[in-house]
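Working notes, structure below.
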Amino acid sequence: MCDTCGCSGDCGAVLRKPGESDYHVHVNPGTEEHSHSHAGGETHDHDHFPEEHHDRDYMHNHDGGHHHHHEGTSRKIVLEQDVLQQNNLLAERNRGYFEARNIFALNFLSSPGSGKTSLLEKIIPLLHQRFPVAVIEGDQQTTNDADRIHALGVPVIQINTGSGCHLDALMVNRAVKELDLQDNSLLCIENVGNLVCPALFDLGEALKVVIISVTEGDDKPLKYPTMFHEADLCILNKIDLLPYVEFDVAKCRENAMRVNHHLEWFELSATTGEGLAQWQQWLEKRLLHH
Amino acid sequence: MHEMSIAMSIVDAVVANAEKEGGVRISGVELLVGKLAGIEAESLKFCFSAATKGTIAEGAALVIGEPEGTGECGECGMRFPVTFYYAECPKCRSLRITIVSGEEFLIQTITIEEEGE
């Protein structure tokens, strides 16, 4: 049971806003966002009755159609349906919305404690003179991260996933409806700190940004290859700590490139600001021409 | 533990499809989970049986096919088996490898029971 409103939405994610303790919205699968839309991309057609299967096989020869094999009263149906289809369809809807409004959406991924929020705290003030910025924060519990972003004066919403280990397209879809997004803006989606599960879930972002810090191992790209394989750029954070830790930057970069040779690479420190200008330049360029 | 939420979305999808087809029970589900898909087949099996409890898919036999990964070399075009995202072309030693299969994650078939025809 939800401890805020007493409703039974105990398994879904909850949206919260900093400074508005009464505000919370449940993200429940089964609402209209999650309904089975048959528009664009659905691969099956049900405008027929089961009895017709034998004599109307031609109906099933279209792309992704069904083939039926009767065996007494049990019947095998070929679906060939992507397990993550529901998420992927919704992610494409999010992506279409972002494209139409020229919103550049970035999905920030890392293990907990690599400095995702600190990096946003540092880069947002540099950008939002020229570009509107909004943030979606993902965490299992608390609005701590959203509170930090709220202090910068940009729109932010917190998604609390409860027991969930990743954000999905439905949560982002709901969160976007609660955020006052502007055209030609940057949307930063800070995923739940986790280097495994979020890699599988498309949110509709333009690019995935994976962050690692020098206090982690330089073999991290090899240990969590799926994440690095899916990412478009990699940011190595906390480089101000390099004198104090055993971390081989060149080796880490090489490991990351072995997993994904398309990966763009940045090295910086959110604390001292070192290396931040290069990333800012890259972001501004992409914001103008994405 | 994303296998649980994935198992639940599989159950949602197979139940929805079975009901549309007039099935009253699902006795079998065949999945294709590529070796590079980022899914633990064993963990998924365990979660699937939990996620089907109380649904028409309860007790359904889950069969998981696990196709091997295949990489294609960006230099010489050679295709070869891979077990991980990083690989070296056995012919020209290039590291510019693109994964061309092994990332599949599909519900292939469901077997439904219909009420006596």
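The sequence lines fix the lettering, A, B, ..., with proteins before strands; numbering per chain opens at 1.
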(request) Please determine which of A:L167, A:L109, A:L106 meets the side-chain contact (heavy atoms from CB on, under 4.5 Å) test together with A:I189. (result)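 When side-chain contact (heavy atoms from CB on, under 4.5 Å) is applied between A:I189 and each of A:L167, A:L109, A:L106, only A:L167 qualifies.
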(request) Ignoring hydrogens and angles, state whether a donor on the side chain of B:T111 or A:K76 is under 3.5 Å from an acceptor on the partner side chain. (result)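 Distance-only check fails for B:T111 and A:K76.
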(request) Verify whether one side chain among B:N17 and A:Q81 offers a donor that lies under 3.5 Å from an acceptor in the other. (result)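 Judged by distance alone, the side chains do pair up.
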(request) Below 4.5 Å from any heavy atom of chain B, which atoms of A:F228 appear? Answer side chain, backbone, both or neither. (result)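 Neither part, no heavy atoms under 4.5 Å.
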(request) Sort out for me which of B:E104, B:R96, B:E30 touches chain A most, counting heavy-atom pairs under 4.5 Å. (result)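 Of the options given, most contacts go to B:R96.
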(message) If you count heavy-atom pairs within less than 4.5 Å of chain A, which of B:L36, B:L32, B:I99, B:I97 leads?
(response)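 Top count of heavy-atom pairs under 4.5 Å with chain A: B:I97.
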(request) Please examine the side chains of A:F108 and A:S114, heavy atoms only from C-beta on, and report whether any two atoms are closer than 4.5 Å. (result)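 Counting from C-beta outward, A:S114 and A:F108 never come under 4.5 Å.
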(message) Can you confirm whether B:F46 sits close enough to B:E3 that some side-chain heavy atom of one is under 4.5 Å from a side-chain heavy atom of the other?
(response)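 No, side chains not in contact.
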(request) Determine the option with the most heavy-atom pairs under 4.5 angstrom with chain B, choosing from A:L222, A:N255, A:D168, A:L84. (result)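 Most pairs with chain B among the choices: A:L222.
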(request) Name the region of B:I39, side chain, backbone, both or neither, that has any atom closer than 4.5 Å to a heavy atom of chain A. (result)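 The side chain, not the backbone.
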(request) Select one option (side chain, backbone, both, neither) describing which atoms of B:A37 are under 4.5 Å from chain A's heavy atoms. (result)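 For B:A37, backbone heavy atoms alone lie under 4.5 Å from chain A.
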